[in-house]
Structure formats: structure tokens, C-alpha cells
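In what follows, a single structure is set out as C-alpha cells and then discussed.
Numbers restart at 1 for each chain; the letters A, B, ... are given by sequence-line order, proteins then strands.
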2 protein chains.
Amino acid sequence: MVNESVWLRPARRERRPLTLDRIVAEAVALLDEEGEARLTMRRLAERLGTGSTTLYWHVKTKDDVLDLALDAVFGQVPLPEGGTWRQRAAALVTGWRAALLRHPWSTGLLDRPLMGPNALERTEFLYATLAEAGFTGPDLIAAAFSLSTFVTGSATMQARDPAGSGPGLARHLQQHRDAYPTLAAHGLDPDWDAAFTRGLAYLLDGMTPGANP
Amino acid sequence: MVNESVWLRPARRERRPLTLDRIVAEAVALLDEEGEARLTMRRLAERLGTGSTTLYWHVKTKDDVLDLALDAVFGQVPLPEGGTWRQRAAALVTGWRAALLRHPWSTGLLDRPLMGPNALERTEFLYATLAEAGFTGPDLIAAAFSLSTFVTGSATMQARDPAGSGPGLARHLQQHRDAYPTLAAHGLDPDWDAAFTRGLAYLLDGMTPGANP
DNA sequence: CCGGTCCTCGTACAGCGTATTATCGTCGGG
DNA sequence: CCCGACGATAATACGCTGTACGAGGACCGG
């Protein structure tokens, strides 16, 4: 359907051009508001004021949109400067985790290859920081592997069971307190942020640059 | 459609009854062979020799099938006995990771609440092992959090970039070697298993029972 | 004025999860 | 021995999905 009247048709300049950036930004907003299940090409197009199939000129598939949205989240992770290598690494992974938790849907996309420029830039930064600190060979790989693994894993866990996750898990544990005694005693409403900080300290304490050749 | 002939109709005992267990087992097999995207209620039913909507008598939604399939994977994780607490914890998380990697699709389901009996049993085992070792309070929570986070995170990473992941990531890194020099130098074809073992040692080295009250 | 190129959209299709409804097979009680 | 009831199965149908396709609109350099 063509816009019938000049008056109803948005003025030339008023209608912002559809760009890949606008699509990705709107996808992130939609995901933030309604979650992954409700992200639909049609709904996304509607919010952008375009036809749904128009999106396919800018993007090959819906998976592209998800990949780009995820990398946009990675783009929010600041690259810290200054301080010791340990401070820089801790700041990086803490900011990384915070970015993922600001957009909880992102943790559901962490399978699938992370080859976006923002993801690679952060990974490179991590490797470089550790290499500069003196980690080499298998130690370097293991250190980088452990830290990034720790970030994505902890974000996934926290997005899955948000603090005070309602009557769900907690009540279920209470009901089967006999089957899961330790869990029911300690794991009911844990402070995940504190656990992350302390766990990160464990990990960093355990790794020493130049220790194992 | 009714089976027309006695001869074509499967003999009484030959046709195994449709049970929840059979559905879940077949779902796991289908996921193993074709991955999550190709798991369809219709295809699953076809493999089971039933109509698709019949499944809905045993199961409320497709998500139920996925939850049950995931918990079935957790059921493959052995609960180690004997040895020090450190040996038991290491054995648990190693077996946990192996089970997830035997069914790579499982890492894509690690968002979503893990409330299945097998998952809870393993988590309880981990908490109990650490508590018995002397971890208490925030230290206990942080230790359990770190270990399970490390398992799920590392399995996700490895399922995402399997060893020798073809021309994909490696070539992309080579092409942009100037942008990601450290990554291109070290991260091309890493030994994830070795990185996991070493990283696990970091983590366990960093945590001491009864250290921080 | 006129191609040509970038961009937009309407239509259409196969496949999805699943609600509804009807029907089957089996078995216990009269 | 029948018959009703109930556990289990299946056919049909609905609304929604991702996206292929082709017909155009908008703008631009000549």
C-alpha cells in the first residue's frame, strides 16, 4: 500500500533512513523489553516503521540480527587502563559481566561463535594484558580461558536465577529439603555479586605469571 | 488413519508403549544427531512412530522436552567417591564438563532454570563436598559458584569453537592479524582440555577451606 | 528526460507449536 | 458377556514464524 496523501506521508527528512545500526539498536531495545522469544522480524520491523521483509536487504537472516545485537552488548564493555595487570584483568571481567547482566537475554546467545569485532577486541585485550604480565604458552591460554569462561558462566548463572527468583527455586528447595540439605541451607538466596568477586579472587590468586613454563 | 490389516499392524508386544522416558531418550538422540534447530515435535513424533500431538499428552510444551533432555545429560555425570575433597571436586566438574561436551547442544540450553532432579543432585553433591571440606558461609557459596560457573562456561566455549573449527575463526584471525596480534599468535588452535585442567588447578589452588570467615 | 542503482514492500509458502475434538483400545464392574 | 469409563492416540486447524521472490518506488548522474 502506498501512502495516499502527501500530508500523511512522513516528510522527507523526518523519516530517518533505515540503517544496520538502527536495526541493531532497536533489536537490543526490543530484547531488553520483551526477551528473546518475542523478538520477531515482523515486530522489529514494526517498531522501525518499515515492512518486515525490508530488513532482509540490510541483513541476511535473523541470526545475523542476534549476532549483531550480542556484539553490541560486548561493545559496552570498557577497556580499563592503568593499574597492575591484575587490576586491569579484574576490571575487564567485572565490566564484561555487568554488560551481560544489563541485557540478560545476551547470556542465552553465548553459544554461537563470538567473532564480532567488539568481542574479539575484548578477547585480544585480555590476552594482551596477560601476556604483558608475563604469562606465556599454555599458561597464557589457560589464564585467558579461565577468566573469560568465568565471566560467561557466572553471567549465565545469574541471569538464570536472578536474586529472589520468586517462589520458584527457593520453594522447590524448601519442599525437598531432605534431598538437598546443604543446598537448602546455603543456596536459597545467595549474593551472586559477592560470590563472583570472591571467586574471581580465588582464580587470580591461583594464577602466577611465569610460574609453569 | 487406522492400520488396515492385521499383518501390517505391529504385533501387540512389538509396539512398545509410549512413555516419557522414551520421548526424552529419543529427543536426546535427535539432538545429538541433528542439533537443537532441527528438534521438532513433529520430527520427534515421527521417530517415535506416533502422531505429533500425542506427545502433548505426556508433555505440556516443547520446553518441557528440552528441560528433560538437559536433565538427562546431567544424569550422566558420575558422583565420585573417595579421595580428598579436592580430588572429588575435580572429578565431579571434569565429568560434568565431559557430559556436556558429549551432547554439545546442551550448552545452548544452559540458560533456563536448572531445577531437574539430576542437576540438583549434582549441585547438592558439590555443596556437600565443599562444606565437608570446611568451607562455610560466603566462602562455601563462592567456591560452589566458581566451580559450577567454570564448568558451564568452559563447556559452552568449547562447544562453540570446537578444536580445528575449520576455516572459520582461525582464518578470520589470520586476516586481521594486525588488529588482534596476541590472539592470532596464541589463540588459533588451543588445547581446550589442557586449558581447562590448568585453569581448574588455578581455581582450586586459590581457594582454601576456612580461610576467610 | 532517462536509465540504473539502491532501497522498500506485498504476497506467498512451508513449517512451527499447540488447542481442540474425536476416536481408539483396554479393562473393571454389573 | 456386555458396557461404560478412562487412559491414550490421532486428525484437523489456527495463528504465527522466517524468508524467497518479484514488483515497484526513490533518487542520481548523464
Just how far, in rounded Å, is [atom2] of [N] from [atom1] of [X]?
| X | N | atom1 | atom2 | answer |
| --- | --- | --- | --- | --- |
| B/M41 | D/dC14 | CE | P | 21 Å |
| B/W57 | C/dA19 | CH2 | C1' | 17 Å |
| A/L39 | D/dT19 | CG | P | 11 Å |
| A/E36 | D/dT17 | CD | P | 14 Å |
| B/R43 | C/dT18 | CZ | C1' | 19 Å |
| A/R42 | D/dG15 | CZ | C1' | 11 Å |
| B/I23 | D/dA8 | CD1 | P | 11 Å |
| B/L30 | C/dC16 | CG | P | 11 Å |

Using a 4.0 Å heavy-atom cut-off, does B/S52 contact any base of the nucleic acid, only the sugar-phosphate backbone, or nothing at all?
nothing

Mind checking if B/L55 touches a base, just sugar-phosphate, or nothing, with heavy atoms under 4.0 Å?
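Result for B/L55 = nothing.
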
Taking only side-chain nitrogens and oxygens of [X], does any of them come within less than 4.0 Å of OP1 or OP2 of [N]?
| X | N | answer |
| --- | --- | --- |
| A/T53 | D/dT19 | no |
| B/H58 | D/dG7 | no |
| B/T54 | D/dA10 | yes |

Closest-nucleotide ordering on DNA chain D, the 5'-leading residue of B/G51 and A/K62
B/G51

Say you draw a straight line from [atom1] of [X] to [atom2] of [Y]; how long is it, rounded to the nearest 0.5 Å?
| X | Y | atom1 | atom2 | value |
| --- | --- | --- | --- | --- |
| A/L114 | A/T123 | CG | OG1 | 7.0 Å |
| B/I23 | B/W57 | CD1 | CH2 | 10.0 Å |
| A/E121 | A/L126 | CD | CG | 13.0 Å |

Name each donor-acceptor pair under 3.5 Å that joins a side chain in residues 178-186 of chain A to protein atoms two or more places apart or in another chain, with its distance.
unit_1, atom_1, unit_2, atom_2, d
A/T182, OG1, B/E124, OE2, 2.8
A/H186, ND1, A/T182, O, 3.2

Taking A/L147 as the fixed residue, which of A/L92, A/T129, A/L130 is the one that meets the side-chain contact (heavy atoms from CB on, under 4.5 Å) rule?
A/L130

Residues B/R47 and B/E33 bridged, charged N to O under 4.0 Å
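Salt bridge present between B/R47 and B/E33.
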
Report the end-to-end axis angle of the helix from C/dC1-D/dG30 to C/dG30-D/dC1; each axis comes from five terminal pairs, and the value is rounded to 10°.
20°

Apply the test side-chain contact (heavy atoms from CB on, under 4.5 Å) to residues A/Q158 and A/R97: give CA-CA distance (whole Å), side-chain angles for both, the deciding distance (0.1 Å), then the verdict.
CA-CA 10 Å; A/Q158 187 158 349; A/R97 195 177 88 106; 2.5 Å; yes

